[in-house]
Amino acid sequence: MGISRDAAKNRRYWDERADDYQAEHGEFLHGAPMAWGTFRIPEEEVGALGEVRGKGVLELGCGAAQWSIALARAGARPVGLDNSRRQLAHARRGMRRAGVEFPLVHAAAERVPLPDRSFDAILSDHGAMSFVDPERSVPECARLLRPGGILAFCMSTPFRDACWSERSERVVRTLQAPYFEVGRWEGEGHVEFQLAYGAWIRLFRRHGLGVEDLVELRPPEGARTTYTDYAPLSWARRWPAEHVWVVRRESAER
Ligand SMILES: C[S@@+](CC[C@H](N)C(=O)[O-])C[C@H]1O[C@@H](n2cnc3c(N)ncnc32)[C@H](O)[C@@H]1O
């Protein structure tokens, strides 16, 4: 099965970047695995997934699967999916170290090779939901979720994206990019996506997903991160740099 040009580009990028990414962030993520975003806000506080024990959970863009390993330890039945073979090699190493076993799938989230209604929950933490055209990822998640299932994903906010200065390659305190033109963003070697708030909500609704929450992550004073070039703590304490969308698959047939 062929993959899209964007997925092929992102695959090359992440296969090349995986070792450096895990050297820089891997241990930090293993230290706070069931937590969201670059400052690792605990799921206990965010409450996006609810009780996971016994639930089938798909992690889209799992990287080294720090989340899925922690979910397996908490009694869930995770499946980790990633477009990068190299990232999955790191996931396998982490699973061995943790003594847990669950399926890993090497595929692009644009077209997941798994049956309809396979999962109670889908999560992505700066994973595939940030790198796949939402017009493709959102219907795919709706297809994979059981009725009543939850999709929870953390990504950059349009605030942060609009304050990203291309010139100085950092987040600044003034608007840089037009909000109404968010969408596809092609950087050096990879492609990312964003939508305006209303466009996300309309897209969810078109695919039978109702918004339950939008949790804007505010790191506590003194919070630490290894993602130092993402958004400085002083910025992220004043404006939301990352948020978690929580949407639920409607129960009724549409
Ligand atoms: C920023 S990393 C985050 C990984 C992990 N969630 C973490 O917090 O470390 C993004 C991940 O998304 C994966 N990814 C990118 N495009 C993808 C796609 N089309 N399908 C599935 N995974 C994808 C990359 O291979 C990479 O592992």
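Counting starts at 1 for both ligands and their atoms, in listed order. Hydrogens, waters and symmetry mates play no part in the numbers below; they use all other heavy atoms, side chains included.
- By the 30° and 60° cut-offs, the orientation of the rings of Trp239 relative to Trp235 is tilted.
- Between Asp229 and Arg170, no side-chain nitrogen of the basic residue sits less than 4.0 Å from a carboxylate oxygen of the acidic one, so the salt-bridge criterion is not met.
- Checked by distance only, ligand 1 and Gln66 stay at 3.5 Å or farther apart across all their nitrogen or oxygen atoms.
- Near His126, the atoms of ligand 1 lying under 4.0 angstrom from a non-hydrogen atom of the residue are 1 (C), 2 (S), 3 (C), 10 (C).
- With salt bridges taken as basic N to acidic carboxylate O contacts below 4.0 Å, none links Arg205 and Glu250.
- The protein heavy atom nearest to atom 27 (O) of ligand 1 is Asp82 OD2, 2.7 Å.
- Each of the following atoms of ligand 1 lies closer than 4.0 Å to a heavy atom of Ser84: 25 (O).
- Residue Gly61 has at least one nitrogen or oxygen atom sitting less than 3.5 Å from a nitrogen or oxygen atom of ligand 1, judged on distance alone.
- Judged purely by atom type and a 3.5 angstrom limit, Ser124 uses its side chain to pair as donor or acceptor with the backbone of Met129.
- Taking CE of Met95 as the start and CD1 of Ile69 as the end, the distance is 7.0 Å to the nearest 0.5 Å.
- Within the listing of ligand 1, atoms 7 (C), 8 (O), 9 (O) sit less than 4.0 angstrom from a heavy atom of Leu29.
- Listed by atom number, the atoms of ligand 1 under 4.0 Å from Ala109 heavy atoms are 18 (C), 19 (N), 20 (N), 21 (C).
- Under the 4.0 angstrom criterion for non-hydrogen atoms, Asp125 is in contact with ligand 1.
- A cation-pi contact links Arg160 to Tyr230, judged by a cut-off of 6.0 Å to the six-membered ring centre and 45° from its axis.
- Every heavy atom of Tyr13 sits 4.0 Å or more from the atoms of ligand 1.
- Considering backbone and side-chain N/O atoms, Gln22 never comes within less than 3.5 Å of an N/O atom of ligand 1.
- The pair Glu140-Arg111 fails the salt-bridge criterion, with no side-chain N (NZ, NE, NH1 or NH2) lying under 4.0 Å from an Asp/Glu carboxylate O.
- Neither the backbone nor the side chain of His25 comes within contact range of ligand 1; no heavy atom lies under 4.0 Å.
- The distance criterion of under 3.5 Å between nitrogen or oxygen atoms is met by Tyr21 with respect to ligand 1.
- For Gln87, a nitrogen or oxygen atom sits less than 3.5 Å from a nitrogen or oxygen atom of ligand 1, counting backbone and side chain alike.
- Distances between N or O atoms of Ala108 and those of ligand 1 include no value under 3.5 Å.
- In this structure, His243 and Tyr197 have perpendicular ring planes: the angle between them is above 60°, well past the 30° mark.
- Taking every non-hydrogen atom of Gly63 and a distance limit under 4.0 Å, the qualifying atoms of ligand 1 come out as 4 (C), 27 (O).
- Considering each of Val105, Asn83, Asp6, the one bringing a non-hydrogen atom nearest atom 14 (N) of ligand 1 is Asn83.
- With a 4.0 Å heavy-atom cut-off, ligand 1 is reached by no atom of Ala64.
- Under a 4.0 Å N-O distance rule, the pair Asp125/Arg40 qualifies as a salt bridge.
- Nearest protein heavy-atom contact of atom 19 (N) of ligand 1 is Glu110 OE1, 3.0 Å.
- Residues Ser84 and His106 form no side-chain contact, since every pair of their non-hydrogen atoms from C-beta on lies 4.5 Å or further apart.
- With a 4.0 Å heavy-atom cut-off, ligand 1 is reached by the backbone of Cys62 but not by any atom from C-beta on.
- Heavy-atom separations between Ser130 and ligand 1 are all 4.0 Å or longer.
- When each of Arg146, Lys55, Arg53, Arg248 is tested with Asp120 by the rule salt bridge (Lys or Arg N to Asp or Glu O under 4.0 Å), just one qualifies, namely Arg146.
- The existence of a salt bridge linking Glu16 and Arg86 is excluded, since no basic side-chain nitrogen approaches an acidic carboxylate oxygen closer than 4.0 Å.
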